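This report refers to the structure that appears directly beneath it.
Everything quoted here is computed from the prediction, not taken from an experiment.
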Amino acid sequence: WGVSRLLGVPQDPDALTIGADWRRLAEILLGLDYHSWRTWAFLYLALSIGAELAPSEIDLKASLPALAAAAGLVVAAVVVVSQIDALAQHWHVVDVYTGWALSWASSILDFGIMALALVGIPAIILAWPLRGRG
């Protein structure tokens, strides 16, 4: 977001914030001015910073037990609140916050999938002629 603000790419840098709709990412990327050096500087810096911040294999392996425990606690809380009549008044709150959390997580996953496609597909195409050598 900071690089976007600094270079003025895209026209609306707030479209890249967490609260924005990540499903518009393809529309934003297609609307960039690819004849401008600012666009290329933005793409280079954004992808470089994003690659640097990506979790390593060790990070992913170490976080899986904690993520599984957190998911288990969320599922258990939802089941408990839905099954106990005395907690029925809290069901709406649990429902709203669970929906918000899932929406937030899915927007991050959508962005990750788009970034993977933007980087992965060209890498596969460029590496294709090198297959079978060496």
Closest contact, heavy atoms only, Tyr34 versus Trp40 | O-NE1, 2.8 Å
With the side chain counted from C-beta on, respond yes when Trp37 and Leu7 share a heavy-atom pair under 4.5 Å apart, and no when they do not.
-> yes
For Ile58, look at atom CD1 and say whether over 12 heavy atoms of other residues, nucleotides or ligands are found less than 6.0 Å away.
-> no
How about Leu45 and Leu6: do any of their side-chain heavy atoms sit closer than 4.5 Å?
-> no
Is there side-chain contact between Tyr44 and Thr39, with heavy atoms separated by less than 4.5 Å?
-> no
Which distance, rounded to the nearest 0.5 Å, do you find between the CZ of Phe42 and the CG of Asp33?
-> 13.5 Å
